[in-house]
Amino acid sequence: MENYTSNLRSISLPSRLNPSFDQIEINLNKLKTLEPFYSSTRIHSGLVCLIELYTTVDELLGSTQTQKVNLHSRNKVLIEDALSRSTRLMDSYGSLLELLGKMKGSARVLQFALRRKGVATYSTTDGHLMDYFLSRKKVKKNIVACLGSLEQMEREIESCLVEGEDHHLSMVIRVLLEIVIATISMFRCVLVILSGKPKLDHKVFSFITKLMPTGKPNCHKSREIVNDADMIDLTLDSLWKHIKNNECKTVEVQIVMERLHKLDHEVEGYEVGLDCLFRKLIQTRVSLLNILAN
């Protein structure tokens with residue numbers, strides 16, 4: 001498994017042009033210190049920092065200097081490209097939110113079934129356990145597709161040339177590119193955390209493995225990351241085998257239910273944080289549209 005490397009770059013912005021540049025640089029570097037986002041706690045902290053970053057960026061976009069920029073041909077193209085990237089980020093948010101909803105839904109259905117029916121009604125070919133396994137398999141495949149889309153967007157940004165006819169606007173666009181990269185990094189980390197350990201097609205899921213965040217504090221260097229999705233997968237695998245051998249114990253069912261509840265809570269936390277981020281994405285888009293309108 002390859003080491004996770006940050007795609008967020010330390011940048012130096014000309015604060016003399018606008019005080020917002022100085023705060024944006026501080027927030028970007030603060031976000032960088034939170035990486036790698038190998039746990040739900042760090043992801044939540046990263047989301048809070050990213051939301052603060054968007055707030056400052058929106059102040060920059062709403063400033064008189066930015067709103068009154070002269071939209072010559074090249075300047076207009078830069079704004080239109082930024083709008084296009086904002087649309088793609090919002091699409092990625094929609095895909096991520098859909099995956100979170102599916103994970104939460106399947107976890108709740110299984111929780112309810114285990115609480116109401118127990119394990120006696122399950123067989124090796126039918127039942128809610130098998131439904132959950134199938135749902136997880138589909139979610140993992142969708143995660144791969146989302147990661148591929150994010151990686152493509154990131155490659156395009158890295159090769160993007162910012163050559164506007166207005167120096168201030170060029171700096172604003174460079175800031176927006178950094179923010180998009182930070183947002184892509186956040187989306188990717190949430191997806192990787194939710195994917196758990198890849199267990200399906202080796203060629204397909206080697207892609208997830210390459211993106212799995214493995215950087216950890218020194219005290220955890222000898223330990224693998226095992227998140228809630230991993231623990232549920234491992235526990236359900238064991239439970240399924242015991243059911244087939246008629247060896248299932250009540251305590252195993254209780255452990256599964258507790259872990260499903262924890263996953264449900266974790267996913268809800270992601271949904272709340274991402275919803276706040278989405279509102280900022282909308283604000284940024286509106287500010288860009290206002291620049292074009294002016």
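What you see below is based on every heavy atom in this structure, not just the backbone, and it leaves out hydrogens, waters and symmetry mates.
- By the 4.5 Å heavy-atom criterion applied to side chains, Leu177 and Arg85 are counted as neighbours.
- Using a 4.0 Å cut-off between a side-chain N of Lys or Arg and a carboxylate O of Asp or Glu, Lys104 and Glu98 do not qualify as a salt bridge.
- For the pair Glu52 and Lys30, the minimum side-chain heavy-atom distance is below 4.5 Å.
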- [ ] Go through the steps for Phe278 and Ile282 under the test side-chain contact (heavy atoms from CB on, under 4.5 Å), then give the verdict.
- [x] CA-CA 6 Å; Phe278 181 67; Ile282 293 176; 3.4 Å; yes
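- When side chains are defined from C-beta on, Ile291 does not count as touching Leu169, because their heavy atoms never get closer than 4.5 Å.
- For the pair Val109 and Tyr132, the minimum side-chain heavy-atom distance is 4.5 Å or more.
- When the side chain to side chain contact (heavy atoms under 4.5 Å, CB included) test is applied to Asp91, the partners found at least two apart in sequence or on another chain are Thr87.
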- [ ] Report the C-alpha distance between Glu258 and Lys262 in whole Å, list the side-chain angles of each, state the deciding distance to 0.1 Å, and finish with yes or no for salt bridge (Lys or Arg N to Asp or Glu O under 4.0 Å).
- [x] CA-CA 6 Å; Glu258 289 174 358; Lys262 186 179 179 182; over 6 Å; no
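- For Ser135 and Lys102, the side-chain atoms include no donor-acceptor pair closer than 3.5 Å.
- Here the side chains of Met130 and Leu134 are in contact, with some heavy-atom distance below 4.5 Å.
- Annotation: the span from Phe187 atom CZ to Leu47 atom CG amounts to 8.5 Å, rounded to 0.5 Å.
- For the pair Arg174/Met171, a side-chain contact is recorded, criterion being any heavy-atom separation below 4.5 Å from C-beta on.
- Note on Ile26 and Ile24: separate hydrophobic clusters, where clusters join Ile, Leu, Val, Met, Phe, Trp and Tyr whose side-chain heavy atoms are under 4.5 Å apart, directly or indirectly.
- Considering Gln283, Lys280, Gln23 in turn, Lys280 is the only one that fulfils the side chain to side chain donor-acceptor pair (under 3.5 Å) rule with Thr55.
- A distance of 13.5 Å separates CZ of Arg88 from CG of Leu83, quoted to the nearest 0.5 Å.
- In this structure the side chain of Leu289 reaches within 4.5 angstrom of the side chain of Arg285, judged on heavy atoms.
- Note that CG of Leu194 is 5.0 Å distant from CE of Met103, once rounded to the nearest 0.5 Å.
- Taking OH of Tyr270 as the reference point, atom CE of Met186 lies at 10.0 Å (rounded to 0.5 Å).
- Nearest heavy-atom pair, Gly269 versus His44, reported as atom, atom and distance to 0.1 Å: C-CE1, 3.4 Å.
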Open item on the list: Let's go through Leu260 and Leu110 carefully: what are the C-alpha distance in whole Å and the side-chain angles of both, what is the deciding distance for side-chain contact (heavy atoms from CB on, under 4.5 Å) to 0.1 Å, and is it a yes or a no?
Closed with: CA-CA 8 Å; Leu260 286 170; Leu110 182 55; 3.8 Å; yes
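- Criterion: ILVMFWY side-chain heavy atoms under 4.5 Å apart, direct or through other members. Under it, Leu281 and Val272 are not part of a common hydrophobic cluster.
- In summary, of the residues considered (Leu50, Thr56, Ile51), a side-chain contact (heavy atoms from CB on, under 4.5 Å) with Tyr54 occurs for Leu50 alone.
- For the pair His168/Val69, no side-chain contact is recorded, criterion being any heavy-atom separation below 4.5 Å from C-beta on.
- The nearest pair of heavy atoms linking Cys146 to Leu99 is SG-CD1, 3.9 Å.
- Once rounded to the nearest 0.5 Å, the distance linking CG of Leu28 with CD1 of Ile181 reads 9.5 Å.
- Here the options are Leu277, Thr183, Thr284, Ile179, the test is side-chain contact (heavy atoms from CB on, under 4.5 Å), and the partner is Leu89; only Thr183 passes.
- With hydrogens and angles ignored, the 3.5 Å screen pairs a side-chain donor or acceptor of Gln67 with a backbone N or O of Leu61.
- For the pair Ser45 (side chain) and Thr41 (backbone), a donor-acceptor distance under 3.5 Å is present.
- If you chain together hydrophobic residues whose side chains sit under 4.5 Å apart, Val48 and Leu274 never meet in one group.
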Task: Intermediate values then yes/no, salt bridge (Lys or Arg N to Asp or Glu O under 4.0 Å), Asp275 and Arg279 - done: CA-CA 6 Å; Asp275 180 65; Arg279 294 171 189 268; 3.2 Å; yes
Task: Test log, rule side-chain contact (heavy atoms from CB on, under 4.5 Å), inputs Val77 and Arg74 - done: CA-CA 5 Å; Val77 169; Arg74 182 54 190 162; 3.3 Å; yes
- [ ] Any chance you could lay out the side-chain hydrogen bond (donor to acceptor under 3.5 Å, both in side chains) test for Ser63 and Thr66, step after step, and finish with the verdict?
- [x] CA-CA 5 Å; Ser63 66; Thr66 306; 3.0 Å; yes
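- Expressed to the nearest 0.5 Å, how far CD1 of Ile43 lies from CD1 of Ile193 amounts to 4.5 Å.
- No donor-acceptor distance shorter than 3.5 angstrom exists from the side chain of Arg188 to the backbone of Leu150, with no hydrogens or angles considered.
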